[in-house]
Student: 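Questions regarding the structure given below will be posed in turn.
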Amino acid sequence: MDNISKILLRMDAAHRKSRLSKRPPMLVAASKDQAPDKILPLLERGVEAYGENRIQEAAAKWPELRRRYPGVRLHLIGALQSNKAAEAVGLFDVIETVDREKIALALDGEMKRQQRFPKCLIQVNIGKEPQKSGVMPGHLETFLKFCREKTSLPICGLMCVPPAHQPPAPYFALLQTLGKRHGLEELSMGMSGDFETAIALGATEVRIGTALFGQR
Ligand SMILES: *Cc1c(COP(=O)(O)O)cnc(C)c1O
């Protein structure tokens with residue numbers, strides 16, 4: 001069986017076991033560093049959501065692929081700088097890494113200018129790691145209030161990358177709690193090594209790279 005079939009089966013099994021959400025979780029193929037010939041088999045199999053980390057790379061790779069597969073939805077899952085907001089708004093359908101006021105304002109301005117409104121997720125620094133981006137859990141409420149009052153960003157969920165080398169379940173559970181508390185439905189959590197745990201704790205979207213494409 002090929003990787004994609006295995007992943008879809010495992011996602012389905014984890015979802016059925018969880019009995020949590022009625023809606024099955026969505027697969028976002030983390031296609032960073034993957035050349036188009038590695039992505040094509042997934043497109044042919046009907047995988048429609050892809051996560052990219054770098055704007056430049058996505059802008060080089062996707063316009064051509066998108067002409068051939070118009071159903072594709074692109075998710076920005078890497079850090080965003082405010083001087084790249086225009087490109088991000090033009091290129092992506094979901095921006096998962098909104099994490100500070102400056103970015104929120106830059107995206108808001110660009111969305112109004114371009115009249116294009118990609119869905120937004122707030123990245124939470126769920127393990128409070130100094131080197132990682134994301135809003136600190138304790139600051140989420142304030143940041144969300146800012147976004148809701150000062151921008152018209154369509155904020156619909158939360159995203160996190162838990163600390164490496166630690167059991168991820170408590171971090172996924174915390175993101176789930178935060179989502180519920182703030183009425184945010186989408187939870188983007190879970191990668192190759194831990195997506196079943198994430199689905200058990202309510203992930204609506206998992207971002208999988210290595211288990212689909214092999215080691216980068
Ligand atoms: C690369 C990446 C993934 C995929 O990670 P794998 O372990 O390769 O599945 C998911 N999320 C983010 C933010 C990434 O940068």
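Nothing here was measured: the structure is a model prediction, and the numbers come from that model. Counting starts at 1 for both ligands and their atoms, in listed order.
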Student: Which atoms of ligand 1 are found less than 4.0 Å from any heavy atom of Ala30?
Tutor: 3 (C), 4 (C)

Student: Is Asn53 touching ligand 1 with its side chain, its backbone, both, or neither, if touching means heavy atoms under 4.0 Å apart?
Tutor: side chain

Student: Between the side chains of Gln166 and Tyr171, does any donor sit under 3.5 Å from an acceptor?
Tutor: yes

Student: With the threshold set at 4.0 Å, does a side-chain nitrogen-carboxylate oxygen contact exist between Glu52 and Lys32?
Tutor: no

Student: Considering only the protein, which heavy-atom contact is closest to atom 8 (O) of ligand 1, and what is its distance?
Tutor: Thr210 OG1, 2.5 Å

Student: Would you please test Arg207 and Ser188 for side chain to side chain donor-acceptor pair (under 3.5 Å) and show each step?
Tutor: CA-CA 7 Å; Arg207 312 175 306 267; Ser188 171; 2.9 Å; yes

Student: How would you list, by chain and number, every residue that makes a salt bridge (Lys or Arg N to Asp or Glu O under 4.0 Å) with Asp93, sequence neighbours excluded?
Tutor: Arg66, Arg116

Student: Counting heavy atoms only, name the option from Lys32, Met189, Met191, His75 that's nearest to atom 2 (C) of ligand 1.
Tutor: Lys32

Student: Nearest to atom 11 (N) of ligand 1, what protein heavy atom do you find, and at what distance?
Tutor: Arg207 NE, 2.9 Å

Student: For the CG atom of Leu184 and the CG atom of Leu178, what is their distance to the nearest 0.5 Å?
Tutor: 9.5 Å

Student: Using modelled atom types and a 3.5 Å cut-off, is there a donor and acceptor pairing between side-chain atoms of Ser82 and backbone atoms of Ala106?
Tutor: no

Student: For ligand 1, which atoms, with element, lie under 4.0 Å from some heavy atom of Ile208?
Tutor: 9 (O)

Student: If you have a sec, work out which protein heavy atom is nearest atom 13 (C) of ligand 1 and how many Å separate them, to one decimal?
Tutor: Ile77 O, 3.4 Å

Student: Which part of Ser192 is near ligand 1, with near meaning a heavy atom under 4.0 Å away: side chain, backbone, both or neither?
Tutor: both

Student: So is Met159 polar-close to ligand 1, meaning N/O to N/O under 3.5 Å?
Tutor: no

Student: Under 4.5 Å between side-chain heavy atoms, counting indirect links through other Ile/Leu/Val/Met/Phe/Trp/Tyr residues: same cluster for Val161 and Leu158 or not?
Tutor: no

